[in-house]
Each structure stands twice: as C-alpha cells, then as structure tokens.
Q: 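I'd like to ask you about the structure that follows.
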Amino acid sequence: MTVINIMAAALAALGRHGTIAVALSIFAGMLLPGFAPALKPWLGETIVSLLTLAFLRVDPGALRTLARRPALVLTTAAWVMLVTPALLSWLFLAAGLSRSLPDLYFILVLQSCAPSLMSSPAMAALIGVDVALTLASLLLCTALAPLTASL
C-alpha cells in the first residue's frame, strides 16, 4: 500500500467518525499539553485547510437549489442577523446590563450581531445538519454584517 493510499484511508476513517475524533481531540489536548505549542506555527494553514475541506464537502447541487429558491437562506440570515440580536438586546436590557454594566452590554450586543463562525459548515457536517444551507447562510450573513451591525 502506498503512502497516499494509507493517508486517504486514514482521512476517510476520520471523516466517517468525525464527531468521535473531535471529542477525542479534547482529551488528547489535555493528555499531551506540549503538542499544541509545537504545532502552533502551522495553526493558520491548518485552519484554512480544514475549512477548505469542509467547504468542499458541500453538494454543489444543493447550493444551486438554494440559489434558485433563496427564501430559506434569506429567512435564516434574517433570523441570525436581525431577530437573534434584537431578542438578545431585549434580554440584556431586561436584565439591566445597560445600566449596571454598559461596556459589557455594548460588547454582548455587538457579539450577537456578528455573523456565524467560518467553521459553522464544518460543525454542521459533523452533527448532520444541512451543510449547504449553513454555508449559504454564512456567506450571506458575512456580506450583510456591515449593514446590520450598525442597526
């Protein structure tokens, strides 16, 4: 067996058992505390590679379907970028954060206005949620963030 075949088999097995691998990685990090600092120089490249691989797992046909009927993506983006920040802002106001901790209130409201994480399609794939919808919503929310955050 060649090295490429071995690597492909290992990656395929990891892909089939991704949720278990993520859980085990937490324990591996605790058991091998010196491993993370040794790999730190390659963190950026690793993140970009993992996100690219996650994006490549998205079915292009599913993205085309969402593009032809964008109501679900628009509804999801409206929920993430408008409804959720409004509800959380109301909750923070009701809790009295705007008076007692105004700086924390401001930070929490800004955080709630931020688009999803770039890793959300990868996490969606791990937990079995619609990856195409997650990616499409992420891209739309990222584009809308400068407009909606100021509201």
Side-chain angles (χ1 to χ4, degrees), residues 1-33 35-94 105-151:
M1 209 178 219
T2 67
V3 173
I4 293 177
N5 290 342
I6 293 171
M7 287 178 57
L11 287 174
L14 189 61
R16 284 189 303 274
H17 306 288
T19 51
I20 294 170
V22 169
L24 290 176
S25 71
I26 294 168
F27 295 109
M30 290 189 291
L31 291 172
L32 304 167
F35 194 58
L39 296 178
K40 189 176 181 180
W42 298 287
L43 181 64
E45 293 86 352
T46 303
I47 290 172
V48 169
S49 300
L50 291 173
L51 291 176
T52 301
L53 290 172
F55 290 170
L56 289 174
R57 293 187 67 180
V58 176
D59 178 26
L63 282 176
R64 281 192 291 277
T65 301
L66 288 171
R68 282 192 294 270
R69 293 182 292 140
L72 184 58
V73 177
L74 292 171
T75 303
T76 304
W79 181 267
V80 169
M81 299 303 289
L82 299 173
V83 176
T84 301
L87 288 174
L88 288 173
S89 296
W90 176 80
L91 180 69
F92 300 149
L93 278 171
Y105 170 76
F106 180 69
I107 291 168
L108 288 173
V109 170
L110 279 181
Q111 180 64 37
S112 71
C113 295
S116 305
L117 296 172
M118 288 298 290
S119 62
S120 58
M123 294 306 292
L126 279 175
I127 62 174
V129 178
D130 186 354
V131 180
L133 176 60
T134 305
L135 178 60
S137 300
L138 167 71
L139 295 174
L140 182 59
C141 290
T142 302
L144 292 176
L147 305 172
T148 59
S150 62
L151 295 175

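The chain is numbered in sequence order, starting from 1.
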Q: To the nearest 0.5 Å, tell me how far Leu110 CG sits from Tyr105 OH.
A: 10.0 Å
Q: List the atom of Val131, the atom of Pro121, and the distance in Å for their closest heavy-atom pair.
A: CG1-O, 3.9 Å
Q: Answer yes or no: does atom CE of Met30 have more than 12 heavy-atom neighbours from other residues, nucleotides or ligands under 6.0 Å?
A: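 Enclosed.
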Q: Would the distance check show the side chain of Ser137 and the main-chain N or O of Thr134 forming a donor-acceptor pair, the cut-off being under 3.5 Å?
A: no
Q: How about Leu133 and Thr76: do any of their side-chain heavy atoms sit closer than 4.5 Å?
A: yes
Q: Could you give the side-chain donor-acceptor pairs of residues 82-91 under 3.5 Å, partners two or more places apart or in another chain?
A:
residue, atom, partner, partner atom, Å
Thr84, OG1, Trp79, O, 3.0
Thr84, OG1, Trp79, NE1, 3.3
Ser89, OG, Pro85, O, 2.7

Q: For atom CG of Leu39, is the number of surrounding heavy atoms from other residues, nucleotides or ligands below 6.0 Å larger than 12?
A: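 Yes, because the 6.0 Å sphere around CG of Leu39 holds more than 12 heavy atoms from other groups.
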Q: Can Arg68 and Thr65 be said to form a side chain to side chain contact (heavy atoms under 4.5 Å, CB included), step by step?
A: CA-CA 5 Å; Arg68 282 192 294 270; Thr65 301; 3.7 Å; yes
Q: For Ala77 and Cys141, work out which heavy atoms get closest and say how close.
A: CA-SG, 3.7 Å
Q: Which value, rounded to the nearest 0.5 Å, describes the distance between Met81 atom CE and Leu74 atom CG?
A: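 Answer for the CE-CG pair, Met81 versus Leu74, is 13.0 Å.
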Q: Heavy-atom count around Gln111 CD within 6.0 Å, excluding the residue itself: above 12?
A: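 For Gln111, atom CD is not crowded (no more than 12 foreign heavy atoms under 6.0 Å).
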Q: For Pro37 versus Pro33, what's the shortest heavy-atom pair and its separation?
A: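 That closest heavy-atom pairing would be CD-O, 3.2 Å.
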Q: Going from CD1 on Ile26 to CG on Leu31, what distance comes out if it is rounded to the nearest 0.5 angstrom?
A: 12.0 Å
